[in-house]
Protein chains: 2
Amino acid sequence: MEPIDVFKALSNETRLNILEWLKEPEKHFPKQGAHLPKEVSYKGGVCVGDIQEKAKVSQSTVSSYLNMMQRAGLLESIRHGQWTYYRRNEEFILQLAKYFKTEI
Amino acid sequence: MEPIDVFKALSNETRLNILEWLKEPEKHFPKQGAHLPKEVSYKGGVCVGDIQEKAKVSQSTVSSYLNMMQRAGLLESIRHGQWTYYRRNEEFILQLAKYFKTEI
DNA sequence: TTGACATATCGATAAATCTAGATATACAAT
DNA sequence: ATTGTATATCTAGATTTATCGATATGTCAA
């Protein structure tokens, strides 16, 4: 884990919002998973377009935000067809909270 | 609390180090408190010069780092004579860990 | 009150980040 | 094969941050 990359990823209001929204995807992204066929389950995953729409930044911006957050460890993703679904990496975030409590 | 200011303050290796060092001031700053008269107790406080020496950045840089960290809430300070002593704001940091656990 | 010292603030430049639009890639549907 | 759609990557200008040296401020000691 690279704490500095994590903190940088968290140093931006939109990225922080995305992380919050993804705590309750069904609440913040009503049409969540609309493209996912039943047999593919990726619980909590939301596609880039839906996130972009809510975040109100350009497509390239949201894409690089998501990539950055994933590289930092905060998010994980799968690609399914033409869509990429992102969701929180809860395991990592739990570790992070522990790190924060003991190391900061 | 302004999470973004906190995360920005934590997004730098030197500042992160300072925060770590101040967890154990007597260990990292052997001459700590040398200028403080006995009757003034500011437990854990370390003066700017000592921090600068250890951090190996310019005086102006360390001063602005410390100011930034204080504005974010991570540090607190008192001035005594010509010295300013900084120490961790443990209460704030505890709140921060809670925030992190519940909000991130 | 002058000189020395600790710290803070200012001003400048280099480096990094932000963010968008344009373009590329990958897949789906016709 | 071609077209349309979703996402990723590239490029570039604007903004922000990093960091220093110079200067200002405040305090102590002679």
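Just the heavy atoms: all of them, side chains too, but no hydrogens, waters or symmetry mates, feed the values below. A note on names: the letters A, B, ... follow the listed sequences, proteins ahead of strands, and every chain is numbered from 1.
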Interatomic distance, [X] [atom1] vs [N] [atom2] [rounded to whole Å]:
X: A:L10; N: C:dC18; atom1: CG; atom2: C1'; value: 17 Å
X: B:W83; N: D:dC28; atom1: CH2; atom2: P; value: 8 Å
X: B:L66; N: C:dA8; atom1: CG; atom2: C1'; value: 11 Å
X: A:M69; N: D:dT7; atom1: CE; atom2: P; value: 16 Å
X: A:Q52; N: D:dT7; atom1: CD; atom2: P; value: 9 Å
X: B:I4; N: D:dT17; atom1: CD1; atom2: P; value: 11 Å
X: B:Q70; N: C:dT7; atom1: CD; atom2: C1'; value: 13 Å
X: B:N17; N: D:dA18; atom1: CG; atom2: P; value: 14 Å

Contact nearer the 5' end of DNA chain C, comparing B:T84 with A:K8: B:T84

Residue closer to the 5' end of DNA chain C, A:G81 versus A:N12 (nearest nucleotide): A:N12

A:R88 side chain vs A:L22 backbone, donor-acceptor pair below 3.5 Å: no

Flag, side chain of A:R15 to backbone of A:K8, donor-acceptor distance under 3.5 Å: yes

With a 4.0 Å cutoff (strictly under), does any side-chain N or O of [X] reach OP1 or OP2 of [N]?
X: B:Y86; N: C:dA6; value: no
X: B:R79; N: C:dA6; value: no
X: A:N67; N: D:dT7; value: no

A:W21 and A:F29 aromatic ring geometry - parallel, tilted or perpendicular at 30°/60° bounds: perpendicular

Geometric class of the A:F7/A:Y99 ring pair [parallel <30°, tilted 30-60°, perpendicular >60°]: tilted

Checking only heavy atoms, does the side chain of [X] share a donor-acceptor pair with the base of [N] at less than 3.5 Å?
X: B:Q82; N: D:dC28; answer: no
X: B:Q59; N: C:dA8; answer: yes
X: B:S60; N: D:dG21; answer: yes

Sugar-phosphate only, base, or nothing, as touched by B:T61 at under 4.0 Å among non-hydrogen atoms: base

Within 6.0 Å of NZ in A:K54, more than 12 heavy atoms from elsewhere: yes

